[in-house]
Number of protein chains: 2
Amino acid sequence: MTPSPAPQQRMTKQRAAVLEALEASTEFRSAQAWHDRLRHDGSTVGLATVYRALQALAESGDVDAVVTDSGETLYRRCEAGEEHHHHLRCRLCGRAEDIDMPEFERWADRIASQHGYSRIDHTVELTGVCEACAAEGRG
Amino acid sequence: MTPSPAPQQRMTKQRAAVLEALEASTEFRSAQAWHDRLRHDGSTVGLATVYRALQALAESGDVDAVVTDSGETLYRRCEAGEEHHHHLRCRLCGRAEDIDMPEFERWADRIASQHGYSRIDHTVELTGVCEACAAEGRG
DNA sequence: GTCTTACTGATAATCATTGTCAAAACGAGG
DNA sequence: CCTCGTTTTGACAATGATTATCAGTAAGAC
């Protein structure tokens with residue numbers, strides 16, 4: 001099989017706008033929320049395009065994605081080059097802190113193989129209410 | 001405020017059927033999958049009813065619910081009276097093992113308060129491929 | 001049995017997300 | 001700068017899981 005050439009990515013103004021929006025905030029937001037923000041900022045980018053851009057970025061590891069209990073997917077920019085990590089996220093405003101769990105991967109692999117499971121993946125997310133939101137009595 | 005009387009729950013044959021189906025398996029399945037199974041077993045229960053029953057059971061802690069990456073909610077019976085726990089789930093067949101992380105809650109609370117977060121909740125799920133599925137070369 | 005009220009089921013509605021496809025825009029090569 | 005082959009876009013339709021609606025049904029207390 002001929003090795004198919006890496007599909008090229010074009011830097012369009014829409015993708016640039018999405019990246020810029022992501023860079024301007026450290027909060028987790030849904031695709032629709034990012035789209036709203038872009039429109040409010042004057043962009044005319046389409047909703048589907050925002051979905052596609054976020055999806056592509058998540059796949060390439062440039063943004064973090066989490067799925068909420070209600071099934072919505074939230075995105076935020078990922079600190080470049082960082083290893084796999086987890087989050088402590090405010091469920092009211094979307095703010096998030098990066099959390100380290102150095103021993104978790106090893107622990108997970110060990111538990112999994114003890115039970116005969118392979119190809120392990122894991123999800124660890126902490127949610128709470130951040131100091132600012134608590135102070136304002138939200139929620 | 002007059003304490004509103006606890007809303008009474010009626011044991012209908014539909015709920016009994018859902019409970020029976022849950023009892024007969026230890027696997028995580030979607031509401032639609034449980035509905036299919038019930039219909040194949042001769043029940044005429046409606047889809048909405050299955051959703052309502054599973055939802056109510058999840059709320060009361062009688063069944064475990066997890067949200068997949070694609071946003072689907074999966075349910076399975078919960079070992080009665082068990083404390084909060086986590087799962088190692090086969091992403092192909094839905095089989096799952098209960099996992100203990102005795103120190104995790106404490107760890108999570110500590111991390112959270114270090115960052116000023118309160119009202120902490122957490123999600124920890126391991127997914128993989130179980131021995132049987134791996135042997136059959138699925139996936 | 002009677003009666004109140006919760007429950008059911010068929011179906012419509014919702015909501016996030018994905019597919020479709022013609023028109024627009026990258027960007028490599030003249 | 002111009003042309004051309006591809007990729008991308010955006011408006012909108014379509015999907016798929018879940019929820020709401022609502023008239024009819026059936027627990028279960030008396």
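Chain naming here is simple, since letters A, B, ... match the order of the sequence lines and numbering starts at 1 in each. Side-chain atoms are counted along with the backbone in the values below, which use heavy atoms only and exclude waters and symmetry mates.
- T12(A) places a side-chain N or O within donor-acceptor distance of the main-chain N or O of R15(A), the cut-off being under 3.5 Å.
- Separating the CD atom of E72(A) from the P atom of dA17(D) is a distance of 18 Å, rounded to the nearest angstrom.
- Separating the CG atom of D69(B) from the P atom of dT18(C) is a distance of 12 Å, rounded to the nearest angstrom.
- Judged as a salt bridge (charged side-chain N to carboxylate O under 4.0 Å, His left out), the pairs with a partner in residues 19-32 of chain B (not counting sequence neighbours) are, in order, E27(B)-R29(B).
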Go through the steps to decide whether D100(A) and H85(A) satisfy the test side chain to side chain donor-acceptor pair (under 3.5 Å), and finish with yes or no. CA-CA 6 Å; D100(A) 256 346; H85(A) 58 273; over 6 Å; no

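- Scanning all heavy atoms of the two residues, the minimum distance from A17(B) to L38(B) falls at O-CD2, 3.5 Å.
- No side-chain donor-acceptor contact under 3.5 Å links Y75(B) and Q55(B).
- H86(A) and H122(A) have their aromatic ring centers within a separation under 6.0 angstrom.
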For every nucleotide of nucleotides 25-30 of chain D, 5' to 3': is a protein heavy atom under 4.0 Å from its base (B), only from its sugar-phosphate (S), or from neither (-)? -BBS--

Using the rule given for salt bridge (Lys or Arg N to Asp or Glu O under 4.0 Å), can you reason through D121(A) versus R89(B), listing the C-alpha separation, both sets of side-chain angles and the distance that settles it, and then say yes or no? CA-CA 10 Å; D121(A) 197 0; R89(B) 176 170 53 83; over 6 Å; no

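- Here the closest heavy-atom approach between residue R91(B) and residue I120(A) is recorded as NH2-C, 4.3 Å.
- Residues H35(B) and Y51(B) keep their aromatic ring centres 6.0 Å or farther apart.
- For the atom pair CZ (F28(A)) and CZ (R95(A)), the distance works out to 13.5 Å, reported to the nearest 0.5 Å.
- Axis angle across the helix from dG1(C)-dC30(D) to dG30(C)-dC1(D), with five pairs used at each end and values rounded to 10°: 30°.
- Annotation: the span from L74(B) atom CG to R76(B) atom CZ amounts to 11.5 Å, rounded to 0.5 Å.
- Distance, L47(A) CG to dA13(D) C1': 14 Å, rounded to whole Å.
- At least one donor-acceptor pair under 3.5 Å links the side chain of S60(A) to the backbone N or O of L57(A).
- Side-chain contact, D41(A) with S43(A): no donor N or O sits under 3.5 Å from an acceptor N or O.
- Listed by residue number, Q32(B) are the residues of residues 17-46 of chain B with a heavy-atom contact under 4.0 Å to DNA chain D.
- DNA chain C is contacted by Y51(A), R52(A), Q55(A) of residues 49-67 of chain A, taking any non-hydrogen atom closer than 4.0 Å.
- The side chain of T73(A) contributes no N or O atom lying less than 4.0 Å from OP1 or OP2 of dA16(C).
- Ring-plane geometry between W107(B) and F104(B) is classed as tilted, the angle between the planes lying from 30 to 60 degrees on a 0 to 90 degree scale.
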With the criterion being N/O to N/O and under 3.5 Å, what pairs connect the protein with nucleotides 28-30 of chain C, and how long is each?
none

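- Under the 3.5 Å distance criterion, the side-chain polar atoms of S113(B) are matched with a main-chain donor or acceptor of D109(B).
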